[in-house]
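These figures come from a predicted structure and were not determined experimentally. Lettering of chains follows the sequences in order, A, B, ..., and the numbering in each one begins at 1.
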Protein chains: 10
Amino acid sequence: MLFHVEMVVKLPSDMPAEQVADIKAKEKAYSQELQRQGKWRHLWRIAGSYANVSIFDVSDNAELHDLISGLPLFPYMDIHVKPLCRHPSSVHQGDA
Amino acid sequence: MLFHVEMVVKLPSDMPAEQVADIKAKEKAYSQELQRQGKWRHLWRIAGSYANVSIFDVSDNAELHDLISGLPLFPYMDIHVKPLCRHPSSVHQGDA
Amino acid sequence: MLFHVEMVVKLPSDMPAEQVADIKAKEKAYSQELQRQGKWRHLWRIAGSYANVSIFDVSDNAELHDLISGLPLFPYMDIHVKPLCRHPSSVHQGDA
Amino acid sequence: MLFHVEMVVKLPSDMPAEQVADIKAKEKAYSQELQRQGKWRHLWRIAGSYANVSIFDVSDNAELHDLISGLPLFPYMDIHVKPLCRHPSSVHQGDA
Amino acid sequence: MLFHVEMVVKLPSDMPAEQVADIKAKEKAYSQELQRQGKWRHLWRIAGSYANVSIFDVSDNAELHDLISGLPLFPYMDIHVKPLCRHPSSVHQGDA
Amino acid sequence: MLFHVEMVVKLPSDMPAEQVADIKAKEKAYSQELQRQGKWRHLWRIAGSYANVSIFDVSDNAELHDLISGLPLFPYMDIHVKPLCRHPSSVHQGDA
Amino acid sequence: MLFHVEMVVKLPSDMPAEQVADIKAKEKAYSQELQRQGKWRHLWRIAGSYANVSIFDVSDNAELHDLISGLPLFPYMDIHVKPLCRHPSSVHQGDA
Amino acid sequence: MLFHVEMVVKLPSDMPAEQVADIKAKEKAYSQELQRQGKWRHLWRIAGSYANVSIFDVSDNAELHDLISGLPLFPYMDIHVKPLCRHPSSVHQGDA
Amino acid sequence: MLFHVEMVVKLPSDMPAEQVADIKAKEKAYSQELQRQGKWRHLWRIAGSYANVSIFDVSDNAELHDLISGLPLFPYMDIHVKPLCRHPSSVHQGDA
Amino acid sequence: MLFHVEMVVKLPSDMPAEQVADIKAKEKAYSQELQRQGKWRHLWRIAGSYANVSIFDVSDNAELHDLISGLPLFPYMDIHVKPLCRHPSSVHQGDA
């Protein structure tokens, strides 16, 4: 089941550089593990902002919440979720 | 080059049913032709609304505008465009 | 799987009274059938507005979209959907 | 009398972890006590956010305010309240 | 129990003058009847707009909805409702 | 002359508890003095929020500004002002 | 007593040209009469829009409402009112 | 050439009282100097807020920016600028 | 003197095709005449929308208003104006 | 390929003056280098605000993101990007 997730990162301006580097490294590892498992199906940067558009493929709402709330950057992001489903005009196998 | 496009359809409530059916059929054909050409890479329905999230793969801004403004439903949609690029954490070949 | 759906009805002011009565009757029948099936789990009026708050219990996003887009009033409503999941502090059996 | 309450939690990023854990524990206890009393009738997590949707069942506006303003997290939440009443199409006994 | 209600009137620009006069007369009679019954406790014009601020005194949410949705102008108004309760600093007997 | 004033209190999360108690006590005394003088005609709590709706009765805009800007909580509130006047349908002597 | 009034004109696109010309002529005459009486103290066009910024000088809120609601274009304008008073730093005699 | 400028002051809640007094004194002196030169033609307080509405009379956009960005409170204000021009219905000599 | 102007075109859905073609032709001719005169210095399409971003070079606010309000599409556009001036970091001769 | 970029600078009010001066100097050097390379084609100040409107000329979305995210002030700016393309009515060679 697919969900559209948009994440905008807003780090506090007084967070120490070392802590920033650490949390970003953890975020990257966490994200890549989920991508490899097939749960984080797409991940794009929005050009010009510290933000991304993602497509998650999960079994239900609860799993979606677990994955998102486990993000190391979760406390520092504005996150918007939209449930997706197959579009009747789509010809792509993967759009479902 | 990828673009994130969100389209919300707002047909006038007094459009005759026949015209509605006709414009939807044309929209579907137009959309499927672009999907087959690889230019409209993804197309998802947003669950619960007459709206979609799409990913376009075009050579430049001008081609993006030509494709979108040629949509039969173009005069009846609210459309928001965001330029995308590869996310440094993405492991998917196709996210670029 | 639960979804929170808020619907605000906006009928065109020039819709004939007979058509209004007809579409409302169809909406009521449709809604009550889904409630009896257990798919439309709660339905409340928002006091002071022509709007409701609903909780849907469906198997996935696709079923949610089918049910909502099949509403007779669908073309005349602003609809907002939020995916829900069990809250770790909930003690109610039914909140899942 | 039912009220729809949406709460979004926004903890200051510099609140010490111990204080965060303490206030969350108090919130959970407070919430579960009200749920057991039947005053906090439903409590759902909004998937993907640190937020919830709740249904309160109170005797009047004053009791609603007392319960909400007594929440340990009250100073750290954006809260929106909507009065509910029975929907004429509802078939559920409990939707009132 | 008190509720704060703000109403903004938006009549369709093509409503015939006679119908406008008729609906306004009905609205006035309806409003004055509720005021005399003590249910519509205050009614003020917002200077410079076709809008009012009102205080309703009703027994519960359901009665509030019945009174508001029965307004002859109901289909032509944007209406916002806020539940009120006694303020701990109020010295006025009537503010409850 | 009447004005509708809505005040939402937003205290900094790091204000010491003693200072909070002190400023609230001053606010209460200030408010009650104005209520006794008849200048702060109504004061209601908005249920579920740290906010109020008030009706001021002053001789002109300048007096309104003096009273509001003299509030001990003035630097910590979002304040919206609307000028009121008698509604042609009001039957209440006091609504003017 | 001064009020800041911003008016944005939104004529229905299907209003006959003759009616447009007529209502504009009436608006001009009405406005100029109030200006000559000293009640409409300033009137500026906002460059690039069919809108104006005005300063009214009236005896109270009720007179402000009478003047504004009497505007021939009143049903076709979005109007925002702000009460003004003398600024402590102003050196202009007329800013009061 | 006239510009409409609205300024809303938002001082950080932790700015020392002495610094607040100092910056306000500088702002007042700066403002009054510009008023005496005729460049800051009007200055009104918006009743109930720490905000003002001003009319500037400058030779071009660049001078407007120099004057506004030189305000001692510039870093602590939300500022909105609208270019003005003579309204065809204005009868006031000074409205240009 | 430069101004940034963003225009979004919203034609009524029931405007006859012939009238649409006519007004677009007039708009094009009007726009190109101003471009040739050097008053409409830049004109770009916003990709994916029926909208443009423009830079006008005029002698004052009044000329800006005359040019914009003379646009054949003026009654059918949302228009936002921002005054521009030379940026201290610009190295381009033409950015002034 | 052209992009419209609007940047609003929001420096934390507690950033030391020396650090402010340093970051502004770096921003200026970075910006001027990109302007000389032809990638930052236009740069204007928005009169009355600490903000600019810019036109970038880049080969694709990825280059746009690299240039913007490399700005020394990037963590302290609200940035909005719009893809541009040639307008069919433009007569300027450079508008593409």
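- In this structure, the portions of J/His92 lying under 4.5 Å from any heavy atom of chain I include both its backbone and its side chain.
- The part of J/Glu6 that comes within reach of chain I is its side chain, from C-beta onward, which places non-hydrogen atoms under 4.5 angstrom from that chain.
- Listed in order of number, the residues of residues 15-32 of chain J that approach chain I to under 4.5 Å between heavy atoms are J/Lys28, J/Ser31, J/Gln32.
- Separation of the J/His42 and I/His87 ring centroids does not fall under the 6.0 Å cut-off.
- Taking chain I as the reference chain and counting heavy-atom pairs below 4.5 Å, the highest number among J/Gly48, J/Ser49, J/Pro83 is found for J/Pro83.
- The minimum heavy-atom distance linking J/Ser89 with I/Gln35 is given by the pair O-NE2, 2.9 Å.
- For chain I, the nearby parts of J/Val91 are the backbone and the side chain; heavy atoms of each come within less than 4.5 Å.
- Between I/Cys85 atom SG and J/Trp44 atom CH2 the span is 12.0 Å, to the nearest 0.5 Å.
- Here I/Ile46 contributes atom CD1 and J/His4 contributes atom NE2; the two are 7.0 Å apart, rounded to the nearest 0.5 Å.
- The minimum heavy-atom distance linking I/Asp95 with J/Leu43 is given by the pair OD2-N, 2.8 Å.
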